[in-house]
Amino acid sequence: MSYGDFKLSPSYNPHAVEKAVQEFWDRNKIFDKWKSWRGRPVYAFLEGPPTTNGMPHVGHIRGRTYKDVVLRFHRLLGYDVWVQGGWDMQGMPVEWEVEKKLKLRSKKDVEQYGLEKFALECNALVEEYLQYWREWGTRRLGLWLDLENAYETRRPRYLEYAWRVVKRAHEAGLLAEDYRVLWFCPRCETSLSDHEVALGYEEREDPSIYVKFRVEGSDNEYLVIWTTTPWTIVDNEAVAAHPGYAYAKVEVVVGERREYWWLAERLVSQLMQLFGVKEWRVIETKRGEELAGLRYVHPLAEEVPERASREHRVVTAEFVTLEQGTGLVHIAPGHGPEDFELAKRYGIRVTNSVEVNGIYNELGGKYRGKHVYDVDKEVVKDLKAKGLLVYEDKIRHEYPHCWRCGSKLILRADRQWFITISRIRDKMYSELQKVNVVPQKLRDRFDVFVQNARDWNISRSRVWGTPLPVWRCKKDGRILVVGSLDELKKLAKEVPPVDDFKLVHRPWIDQVKIATEDCDEWVREPYVMDVWLDSGVAWLAAVDGERNKELWGKLFPYDFVTEGIDQTRGWFYSLLATSVLYTGRAPYKTVLIQGLILDKHGQKMSKSKGNVVWAKDLFEKYGADPVRLYILSKAAPWEDLSFDPDEVRHVLADLGILWNVARFADTYMSLDGFDAERYPLEEWLGRGLEEDRWVLSELNSLVAEFASYLKNFEFHKAVAMWRDFVVETLSHRYLRLLRRRVWSDEPTPDKYAAYAVLHHVIKTVLILASVFTPFVAEYLWQAYVRKYEKSAPESVHLAQYPQAGPVDKELVEAYRELFAAFSALAEARNKAGIKLRWPVRVAYISGAKHAGRYAELLKYLGNVKEVKIGPCPEGYVKAAEGQLEACIPPKLEPELYYEALAREIVRRIQVMRKEAGLEISDSIKVVVETNSEDVKNAVEHYRDYIARETRAVDLLIGQATGGREWDISGERVRIEIKKA
RNA sequence: GGGCCCGUGGCUUAGCCCGGUUAGAGCGCCCGGCUGAUAACCGGGAGGUCCCGGGUUCAAAUCCCGGCGGGCCCA
């Protein structure tokens, strides 16, 4: 039971299979042969590069399985495939982990540690993770990506494409330096993009305070505002009222004092109740626009004297609502995007006294040197002490946190660099309309996101990233954008003595001294770029496109990309943006958006919950093929998938059946000396039986539909259909029919025809399986297919997708009916209490269309002497299957009793043969000892039958010296067998 | 706060777009049977408020509205 190194062991063992196959692939360079180009049409895949930070888990495995299926399928279809791997190796996640490892708490710590050492640590860290990704995220999965030629975003030849794109943006007037309010992480000391902010929304509890601002020139008239960020009051510059809303001046008595509070009229009674004010009355109302211009005293004028020196007043704004707060909105232009816009409109000063690290600077007066998180509490205390705090509460709301370190984010105004996406948004949208986004139902999200796309903040105040290639003239502030490393070298007056790899990274790049005729000293803007720009230029950078135009021209736009739904706003977007900017076109033709991976309870996987399933654990426990098959069959790729490791064993059973089908074939083909080249299907099919033509019809349907499902990315349907064919049609049905033909020693032509058919079916089924379970398909190809067909391709992965032959629909229909009739017959036997081993004289079938066609097979399957077509005689036991009805006599016929006993004896001998470990071809001697005359008569009558079925050369009735005692229908029978 | 997806026996799910026999299947469970490829298979059975409530309709798992639970996205 072996061919070469591939043995068909009694049962399927994924680990042994995968190990043997991996060695075979390596030794024979199958992957190289698979990926090499033969001048065929190219199917170009662009790898969404995993961040080599953290270990691959089942979510990655899901996406990477889909990639592999699509690539293998297209190779089978005859395409030359482009399967370059890629790795995303820079960015904040890497820095964050290094900081944790080195126990660095702030950017100052990093600087003290040394930027050079820090950058090298980051590089070492991604290098380390890369090994895991190569092994567990790729090789052990059986994912055939070209890792030798994988692109790496940290390489000079790669990252300079991000520079090219920025330069192109600059030339097109799309690079902007702007002062804007952005989210910052004070811990990481950098701004974040919209995408990064979106990753970190979490519910939290914050203060919810109502504060009164005293109206200038009065000692008891106030404007009442509401905020959840007390620290921003330090930088308050105005109060906004809606121009159309009514505002009330409310006379209130608090303690001993009589005061006048301004707030929205509609909210007065509910707020008075909230504040616990019992005595109040409205004495005047004004519309917001009438209130405008009213001046007030900054509530922290004493704490921050600078503020007292300026005037503050009420302005109007449409964005004011009455859903929360008081209808009067505290405006801190340095800490809110709407506030900022309003300030620009009214010429109000933008004050930001908070530095990037969250510490107040000299503009912060009393709060100078303190951290924003502490000031948040201190401001409340100070307001309370000054009697300006009207009411204090807590609020639970969704608020953004840093996606890496979890710190509460703050909004602050700062100078940053942008790509003004708003100006190419329409072009991006129209290009996106040409892309096939799968599934249709998720494309809306992508469309909407692109239509609403905002300018892209690309600058980050970090270290381990692609440096922003913008230099500024120290003298006059002009800027210079460098588009490549060569260009930089040409411009440089002085270059640090390091290799190119270091030269394109911080801190070394900042040691480059540039001077030009018109400017003595250029200074680089101290930023790196958003990491999404790194992977975003892969459509060009992966193949160093500007230097390899011919290759790039064959690949672009790429046929296929696929990632998770979260990448709609991530990579899918950054690819589209940079490509439209640079080439005016979308960089891909088809985008497959994958659903999320959840744990078995439908919960999102996260490290903190501890429910992450790691690739390594999964493969070590189950093997890659079962995991792949499970993932593929459980859900459509775009649906969320709840992953339950225990369910993997279900698909294991299916692969076990595939394995056993090959073993079955091997068992009999080797006994009978079958050879696919000596018995070609085309010649021998004519000598076969109808069931052979039936199974080929079923196979042809499979071949056609499997391909059409895969083309639509309906992997789950393709796999389900394959499974159904292998388990039901092939194993349960066809092989059951085949038994009677293969057991015979006679070299009948129909047996060889059956072998030719079976061989063709198994071979075809393995080629289809090669796209989703590449290891076991290869193993069986080597162990079985190549054993019986020497000229078969060296590897199943070098085969071609089979041509689908004709389908005889009527034949398929007839066989469907046959198995329904058998099912009804079995049910009738069950009711009558007659087991299948006992022959039945006659069965009637009615309501069938094709009964005449398969009567012989039904006799065999149902162990019936005669099948009659027609209605049931009186007193017979009936059972129905749909329209079809089967019935049998209610009692066993006496004349069939000996035959029944003979079958019982055969069955016992077969069990004993197997227990004795005999080969199928071994002959035996049998002794039967019994007092039962019936059993003795049965043996005498059916001596030839028993001998033939059990390969007995000698069958005696007499004294057994050993063996085993059985109970056959109440009779004690001792049977002894010996190898002849 | 806004948008979207999901919710079907113990578990996993098909059906829903396009309303219409008895809601189908796999796993598990119980009973019976088969078996020299098969820890497989075949027959039968138990097991369902199709998340809840309302509406449309002769008729709703399916269409509409409102909840609840899980998830995603946007703010």
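Just so we're clear, the structure is a prediction, and the values are computed from it rather than from any experiment.
Nearest to the side chain of A/Ile565, among B/rC42, B/rU35, B/rC72, sits B/rC72. Taking every side-chain heavy atom of A/Arg736 into account, B/rC41 is the closest of B/rC41, B/rA37, B/rG71. For A/Leu836, whose side chain is taken as the heavy atoms from C-beta onward, the closest listed nucleotide among B/rA37, B/rC34, B/rC42 is B/rC34. Listed candidates were B/rA75, B/rU12, B/rC42. Nearest to the side chain of A/Arg454 is B/rA75. Distance from the side chain of A/Arg837 is smallest to B/rC34 among B/rC34, B/rU12, B/rC72. In the set B/rU12, B/rG71, B/rU38, B/rU38 carries the atom at the smallest distance from any side-chain atom of A/Asn660. Closest contact between the side chain of A/Arg569 and the listed nucleotides B/rC73, B/rC34, B/rU38 involves B/rC73. The side chain of A/Val661 approaches B/rA37 more closely than any other nucleotide in the set B/rA37, B/rC42, B/rG43. If you check B/rU12, B/rG43, B/rC42 against the side chain of A/Lys634, the one that comes closest is B/rU12. With B/rA37, B/rC11, B/rC42 as the candidates, the nucleotide lying closest to the side chain of A/Ser731 is B/rA37.
Between A/Asp666 and A/Tyr788, the side chains place a donor N or O and an acceptor N or O closer than 3.5 Å (distance only, hydrogens not considered).
Between A/Arg829 and B/rG44, a side-chain N or O to OP1/OP2 separation shorter than 4.0 Å is absent. Distances shorter than 4.0 Å separate none of the side-chain N or O atoms of A/Arg907 from OP1 or OP2 on B/rC34.
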Decide side-chain hydrogen bond (donor to acceptor under 3.5 Å, both in side chains) for A/His759 and A/Tyr784; before the verdict, give the C-alpha distance in whole Å, the side-chain angles of both, and the deciding distance to 0.1 Å.
CA-CA 9 Å; A/His759 179 78; A/Tyr784 165 77; 2.9 Å; yes
Intermediate values then yes/no, salt bridge (Lys or Arg N to Asp or Glu O under 4.0 Å), A/Lys925 and A/Glu976
CA-CA 8 Å; A/Lys925 291 179 175 176; A/Glu976 184 188 359; over 6 Å; no
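With hydrogens and angles ignored, a donor-acceptor pair under 3.5 angstrom links the side chain of A/Arg739 to the base of B/rU38.
When both distances must be under 3.5 Å, the Watson-Crick or G-U wobble mate of B/rU56 does not exist.
B/rA75 atom P lies 13 Å from atom CG of A/Leu409, rounded to whole Å.
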